[in-house]
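Structure first, then comments.
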Amino acid sequence: MILRSSLQYILTRNYIILGLLPVLLFGTAILFLLSTSLTREINSKNYSIAISIASEVELFLKEPMSLIQQIAEVVSNPGILAQNGVAGYLETVVENYQYFEMVQILNGDGRVIRIAPHEEEYLGTDMSRQEFYRDTVGSDQPSWSSTFISMRSGSPTLSLSLSIDNNEISMIVGYLNLAFLSKMIGKISNDHQYVIITDKVGTIIASNESSRVKQRENIGTLRHIREAAAGSESTFTINDMNTRVIASAVQVSLTNWQVFFLQHYDDAFAPVTKTRYMLFLGIFLTGIAAVLAAFMGARRTSKPFTRLVADVQRVTEGDYSLAAKIDGFRELQELDENFRKMAMAISQREQSILESEQVHRELVEAIPHGIQENDLDGIITFTNSAYDRIFETEPGEAIGQPIWKTETSEENKIQLQEKFQWLINTQPVPLAHTSKAITYRGNHIDIQVDWQYKRNQSGELIGFISVITDITEKKSLESNLRQAQKMEAIGTLAGGIAHDFNNILSVILGYSELIMATLPEDSKTREYQKHIVKASLRARDLVQHLLIFSRKKEHVKGEVDIHVVVAEAVKFLRATVPTTITFELDLVEDTGTIEADATQIHQVVFNLCTNAAHAMEQSGGVLAVSLHPVALTANDTNKPQELDPGKYACLTVGDTGEGIDAKDISRIFDPFFTTKEIGKGTGMGLAVVHGIISSHSGTIHVQSEVGKGTVFTIWIPLIEKRVKIEKTQTQSISRGGEHILIVDDEEDIVRISKLLLQDMGYQVTACNDSLKAYSLVKEEPEKFDMLLTDQTMPGMTGIDLSKKISALRPDLPILLCTGYSATLTDEQIREAGVWKTVLKPVDRDALLATVSSLLSE
Amino acid sequence: MGVLLAVNKKIVCVVILLCSLVFFTACSENEPIKLGFSGGLTGKHADLGLYGRNGVLLAIEEVNSSGGIRGRKIELIVKDDKQDAATAAKVDEELIKDGVVAIVGHFTSAMSVAAVPVINRGKVLMLSPTTSTNQLSGKDDYFFRVMSANIHVNKILAKQVFEITGVNKLVLVYDDQNRAFGKDWENHFSKRGSELGREVIVYPFNTREDNKFSELAAKVTGNEPDGILIVANALDAAMFCQQIRKAGSEASIFTTMWSMSNDFLQHGGLATEGVTFTNWFDPKHPGEKSISFRKKYKERFGNLPTFSSHFSYEAAMILIQALEKNSDPSTLRATIVEQGLFEGTQGQIRIDQYGDVVRTPFIMVVKDGQFVRLEQP
């Protein structure tokens, strides 16, 4: 912006011009007029003086002229005086009339014949070649010569000569005493004015400075003097003796001499000079006064403007509280008023902008997504609180940091910088992306970055705005969900195949046992058959485990022999754990009964053992599982504080793995806490364990030493009631001849069951259709002593059949065989009148024992 | 506040400027170049100095009227040596103190001889229009001149006196106030006279002590010489001529260029007829420059210039030309020597490394009250 002159400067300058200009103009005019009139006056005065001096000179000259004529008269008539009387007469004349220093009488040859004062030396000298002689001879008028050097004195002199027509005398010559002339004019000369007389060629013949005469100074040809001599100008200004003088010249008509009256210019024009100085002083003072007046006036004029400028400045700085002004002038007041209105409008607008901004700010702060703004250097210029939370920064800590600070490695940082430059250069369509990041506190997180270009009004790229979402949890949940879905799939698969698989196993097992029954004890074939039966039983167990694992079994607490569950879980785990890990089992069989969901207890063991196995995955080691009953008293030092005294089943799972860091110990039971690699653990395992144990009124403790291993100890209260699954003695199976109705849609199973039971002496009616079975019972309710039914059948399920038949015959024992019991609760079974359930495939002994026990009841 | 101060400063500047304009409108003229002049301006010896001063004045007025030297006017400071050695030295010192760039002067040999130590000390160039003494020839000093040394005129006048006119008995009178000049003549004529077997009688005189030329003339004529050589200024020479003739002597009268002026002719009257002398200067020189100078001089001073006027004009012009070439006064001498050749009013002047010139002298005679150049036989 070009800075123009300020109003005050312009006003002040104008004031000064207005103030000074008239003074200057008038002053100059006055000075001019004064000078002119004074010059005229001085000139006229000086000219008058010069005229009077010239007249005086003329008067002075007339005397010697009349004298020389008188001399001529006297000497022409020698009769008047005696012969020697002439000399005496001349002497007297020279003595009495001082303007002649010497008088000579020349003869016809121009030689001196008489001289006064008398000097022998000069008598007879030839004057015929003197200028004056040649000028005067033959003329009847006296003649004044120009200046010449006197032969006698060596000084400049002038002669007045008169020619006489006489035989003996040709001329009378008087040598003028120039000193006399100088003396005459000396009277009117002083420090300020003086007189100069020059001869007809301009040589000074009289001056108060005698040297000028002696040195025959010639001023006659100086321009002004020549002009004066020519009569064109009588008064003029010249430099004489290096001084400026006003000269007035008048010619002496008798001799053509010039009389100059000279007055020092400074003296002559002293009044003008004084007036000029006064004027200068006036101008100076007026100037100062004008400056002051201008300054004050301009200040008064410009003050409202200055204040207005200050008001504008205040508005610029955001201060809108402008007071109404009462001074200044009308136009400015209006301007001021309008400006105030404008300021208020701006203020209101700004307020609404601020409010809107506040809303936006709060919005930005409220949204759970991090917002980051950065410039083209990649430097962060803004973050919201969500950003600070996600990246674990103090508020504002991230501002000024480069955006690649949160990259997880140096390589990634460089990559991001390169990509950043590429984005600036090519400006592609923004695409959201996910990436890993490291927080300011060093934690690894997953983030999703949605970004946009930040542009100024003209569309120029000035930076980037990014919305950052912390997707760490989401990722983890996704992973868990995937796991869960996998489990679900396995469960569904397991559930789906379990039925058919069990039926197949039932056939294999059934026929194997039938074959065994027909073989002698020591038969080799019987021995082989035993292996088939054993393998079939193992297959049956495997299906059971699958069903437990896939949580197809209902979580229902009941009396559980903890040993059985733990042993079962360990057994199952063995197959999945690498052989580098050795199992050390110390399971006390009679540990006791707990009230629990066997599946959950199974899961506890499974989870703990899996963790232990993972801890030793690389190096191998020992996985120790122990189970024993403990009786904790109140004073027992080993008793965990949270437990009441009493009997507990104490389960420990230990490993010789890496151990857990002290800092992590307190967090291991937190959900999703994991130290495992991504994908290896869900972080849910120990949390689930903890939850299960807590729900079983137990507690879990952990002891760990880094590099040595970890031991989990679980206490679960024991209950008094002991359930002991009696091992069925095949030998004691009764052969009572009771009538048993077998219903199963699988013909093989019906056939095997029928053969087995018939072998044992029971009367068997086999049926493939549940509806038909029902009609058989309905027809003859008392015909059968027992119902053995499959659960999964077309037409009517085992449960429904049981329900209907028990309604017909409540006392009829009903044994339900099922592939898996996940879909059936104890409640349903009880309501349906089922006396007992057995899991398929049922081995011969178990079937016979169960049938026998039910019939005996 | 800062803005207000700045405004005030500006205004004060404007006011001061206005006032300065009013007050100091005519203060920027260049300082003039000071040129010294020293010569006899009063007394009987004044003719050389006065005519010389006018010649210098004419030169300066010409230069000043055409704008001066590189815009600077020349101011002539004139001093009167009163034909007195002590005064000559004194006035030169005054001129040097005044800061003159050079001095035109002196006009008589005696004065120049007295001035040389002063100017050499002050390292100020002195350019003499009329000094001709042999004493100052061939010297590497601050004394330059535009007139030839006497030796040349001594020779031709001696030839004229002894060989052409055939004078057997010569009386030589010279003004002792200008001994440096007179002695050159005495020495040469005495030597030459004795060489030729002629009698040479010498009378120095002192006009200050004794101005009775009638007595001197009686003494001279008492020797009955057939030739008289007068070495004196114009007035004295004129008066002496008159007295010699008054004493009835018919001897041939010879004089020097020192006497050569109108005053000699006017005051000497008929007694000057036939007076023979040497000169390098022809008052009726037909050259254009010479005529123009005579005209200008007459217009300015009302009478005709003498040789002193011519030579002084030339001296001033040489200085002016040198200053126009190089205004540094300290190099003035070198500038003149370097140029060497200058246009004079009556032909070229060649100045050698010692500041001497050689002009071709000739014989002149007074005939019918006029100086007439005598053609060499």
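Owing to the predicted nature of the structure, the values given are computational and were not obtained by experimental measurement.
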**side-chain hydrogen bond (donor to acceptor under 3.5 Å, both in side chains) partners for R111(A), two or more places apart** =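 Partners of R111(A) under the side-chain hydrogen bond (donor to acceptor under 3.5 Å, both in side chains) test: none.
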**Item:** side-chain hydrogen bond (donor to acceptor under 3.5 Å, both in side chains) partners of K284(B), counting only residues at least two apart
**Value:**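 Only Q370(B) meet the side-chain hydrogen bond (donor to acceptor under 3.5 Å, both in side chains) criterion with K284(B).
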**Asked** Hey, which of L123(A), D199(A), D109(A) has the most heavy atom pairs under 4.5 Å with chain B?
**Response**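 Highest number of pairs under 4.5 Å: L123(A).
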**Message:** What part of T125(A) gets within 4.5 angstrom of chain B, counting heavy atoms only: side chain, backbone, both, or neither?
**Reply:**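 When you check distances to chain B, atoms from both the backbone and side chain of T125(A) fall under 4.5 Å.
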**Message:** Taking side chain as everything from C-beta outward and backbone as N, CA, C, O, which of these in E119(A) sits under 4.5 Å from a heavy atom of chain B? Side chain, backbone, both or neither.
**Reply:**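 It is neither, since no heavy atom gets under 4.5 Å.
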**Prompt:** Do T136(A) and S161(A) have a side chain donor and acceptor closer than 3.5 Å?
**Reply:**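 Short answer, yes.
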**Request:** Under 4.5 Å, counting heavy-atom pairs only, tell me which of T42(B), T272(B), L50(B), D80(B) racks up the most with chain A.
**Result:**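 The option with the most such pairs is L50(B).
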**Item:** Heavy-atom pair count under 4.5 Å with chain A, highest-scoring of G269(B), A271(B), G40(B), A238(B)
**Value:**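 Result: the option with the highest number of such pairs is G269(B).
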**Chi angles and distances behind the salt bridge (charged side-chain N to carboxylate O under 4.0 Å, His left out) call for K219(B), E215(B)** = CA-CA 6 Å; K219(B) 254 194 264 179; E215(B) 287 168 15; over 6 Å; no
**Prompt:** F107(B) and Y51(B): aromatic ring centres closer than 6.0 Å?
**Reply:**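 Ring centroids of F107(B) and Y51(B) are no less than 6.0 Å from each other.
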**Item:** Proximal to chain A - members of residues 260-267 of chain B, heavy-atom separation under 4.5 Å
**Value:**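 If one takes a 4.5 Å heavy-atom cut-off, the residues of residues 260-267 of chain B near chain A are D263(B), L265(B), Q266(B), H267(B).
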**Request:** Mind jotting down which residue pairs meet the salt bridge (Lys or Arg N to Asp or Glu O under 4.0 Å) criterion with at least one end in residues 233-242 of chain B? Sequence neighbours excluded, please.
**Result:**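 Only K44(B)-D236(B) qualify under salt bridge (Lys or Arg N to Asp or Glu O under 4.0 Å).
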**Message:** To the closest 0.5 Å, what do you measure between CD1 (I244(B)) and CZ (F213(B))?
**Reply:**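 So the CD1 of I244(B) and the CZ of F213(B) are separated by 10.0 Å.
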**Item:** Pair E273(B) + R245(B), salt bridge at N-O below 4.0 Å
**Value:**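 Salt bridge absent between E273(B) and R245(B).
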